[in-house]
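Both ligands and their constituent atoms are indexed starting at 1 by order of listing. Position 1 is the first residue of the sequence; numbering continues from there.
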Amino acid sequence: MPTLPLTLTRRSLLRGAAACGALPFLPAAAASSLQEFTLTPRRASAPLAGGQHPRTAVWAYNGTVPGPQIRARQGERIRIKVENALEVDTTLHCHGIRLPNAMDGVPHLTQAPIQPGTAFTYEFDLPDAGTYWYHPHLDSAEQVGRGLSGALIVEEREPIEVDRDVVWVLSDWRLEADAQISDDFKNMHDMSHNGRVGNTVTVNGEVRESFEVRAGERVRLRLINAANARIFALSFNGHRPTIIALDGQPVAPHEPEGGRVVLGPGMRADLVLDMTGKPGERHQVVDGFYRGLGYRLLDLAYAGTALREKPHSHPVVLPPNTMPEPDLGSAERHEVILNGGMMGQMMMGARGMGGGGMMAMMRGGRMWFINGVAAEGHTMRPMLTLARGRTCVLALSNETMWWHPMHLHGHSFRVVSRNGAATRQREWQDTVLLPPRERAEIAFVADNPGDWMFHCHVLEHQESGMMGVIRVA
Ligand code: C2O
Ligand code: CU
């Protein structure tokens with residue numbers, strides 16, 4: 001962890017009562033079932049640190065951080081035109097959506113990069129409701145780290161009963177004292193340890209003092225971890241959030257373990273948060289993931305008057321999405337071993353390699369391995385080829401000293417076991433967070449043909465080797 005808490009402890013500024021949630025970017029023609037959007041990544045500036053700090057130079061979709069919130073409804077088709085106004089190539093990946101391979105936004109693998117001054121149009125159906133997000137898939141550590149990401153919300157056909165539907169895009173920045181983004185992207189230390197963990201956390205692009213609520217209110221809170229590397233463990237002091245979806249996919253409503261909502265990079269959680277406090281109260285939302293480095297994200301600030309006497313008590317259960325159920329009995333099974341990174345002075349997984357060879361690999365930016373291979377770029381021989389329509393179980397084993405949120409494109413999978421024990425929720429995810437030395441089994445029907453990335457969503461790990469291609473043929 002870097003030790004420069006520039007704004008994590010800055011709490012002097014009192015903010016106005018603006019709603020905590022970017023305005024949704026609604027389609028122009030709301031009546032048709034094809035919804036069209038344009039995203040223009042370009043240089044811009046944003047008041048990330050707030051207060052007396054200068055604005056921060058960023059790269060942003062349509063000039064805002066996060067980018068505009070894209071909203072459409074399950075079953076609709078969306079078309080997103082990306083007009084590249086950056087000085088570098090880019091692509092757009094719609095994280096978590098089960099879309100056709102050619103629309104997946106992986107440079108060289110599924111499309112040519114979008115060059116400066118040119119455009120690419122993505123178009124696909126939205127099979128599943130849920131909380132998703134978009135970001136570039138080219139030089140992601142720098143492009144996401146400079147501000148390119150946004151929420152993509154697919155609404156259920158029948159809206160659920162809540163008073164407000166709120167999105168918090170959680171981002172983490174490494175800012176210098178002048179509030180500018182440190183340009184030490186992809187340095188060897190970040191890449192070989194826990195990635196680029198920053199010093200400033202924003203909610204929807206701002207360091208926030210509070211989120212205004214009313215007693216008795218029921219909020220659906222959609223959390224998106226858009227950080228390069230920071231893992232969040234959020235506690236809502238005085239409140240009991242219920243998780244109703246993970247990575248966009250409905251899950252049996254349950255309280256998070258220990259009351260903490262844990263989200264690795266790339267991951268999402270939908271909460272039902274009942275405002276059980278009293279008018280005028282304040283309650284802290286705290287992130288306590290890194291031991292000894294806890295901080296207050298913001299306060300839930302209750303207005304002086306209640307919305308209703310007693311909060312609702314009926315449960316909110318989301319309708320299921322459309323993933324085929326894996327058939328574990330007939331599954332093909334594959335071992336996936338994650339290795340690499342630093343342990344003390346040594347890089348793990350560089351077996352049988354003298355110190356010189358190890359240093360050369362590290363300088364070449366290859367520090368993390370999936371089944372012994374460190375990826376260089378997005379094109380490579382598939383690590384696995386799966387028969388289309390078959391159930392596949394991947395037995396993942398994290399042999400490193402670090403946490404890895406492992407993300408699979410084009411599919412959602414059930415997390416069926418951890419360290420050999422069945423999971424309680426058999427949750428559908430597209431990103432599974434693996435603690436150091438942990439094993440997990442994931443299962444899915446390989447029903448989406450194409451070459452799909454499977455990688456760590458700590459972007460510095462991804463870019464220094466922890467990435468593979470899974471082919472469904
Ligand atoms: Cu969110 Cu391969 O990415
Ligand atoms: Cu990782």
What's within reach of the Cu ion (ligand 2), meaning protein N/O/S atoms under 2.8 Å? H404 ND1, C456 SG, H461 ND1
Donor-acceptor under 3.5 Å (D172 side chain, V201 main chain): no
Flag this pair as yes if the NZ/CZ of R196 is under 6.0 angstrom from the six-membered ring centre of F185 and inside a 45 degree cone about the axis; otherwise no. yes
Which of the N/O/S atoms in H135 sits closest to atom 1 (Cu) of ligand 1? NE2
Side-chain H-bond candidate by donor/acceptor type, S149 with H135, under 3.5 Å: no
Taken by chain and residue number, the protein N/O/S atoms under 2.8 Å from atom 2 (Cu) of ligand 1 read H137 NE2, H409 NE2, H455 NE2
Return yes if a side-chain donor-acceptor contact under 3.5 Å exists between T56 and W173, otherwise no. no
Candidates D125, N448, N321, D128 - the one meeting side-chain hydrogen bond (donor to acceptor under 3.5 Å, both in side chains) with R98: D128
Consider only side-chain N and O atoms of D104 and N101, and report whether a donor and an acceptor are under 3.5 Å apart. no
Indicate whether the side chain of H409 and that of H137 have a donor and an acceptor atom separated by less than 3.5 Å. yes
Side chains of D430 and H411: do they bring a donor and an acceptor to under 3.5 Å? no
Using a strict 4.0 Å threshold on nitrogen-to-oxygen distance, state whether R220 and E155 make a salt bridge. no
Look at E441 together with R333 and state whether they make a salt bridge at an N to O cut-off of under 4.0 Å. yes
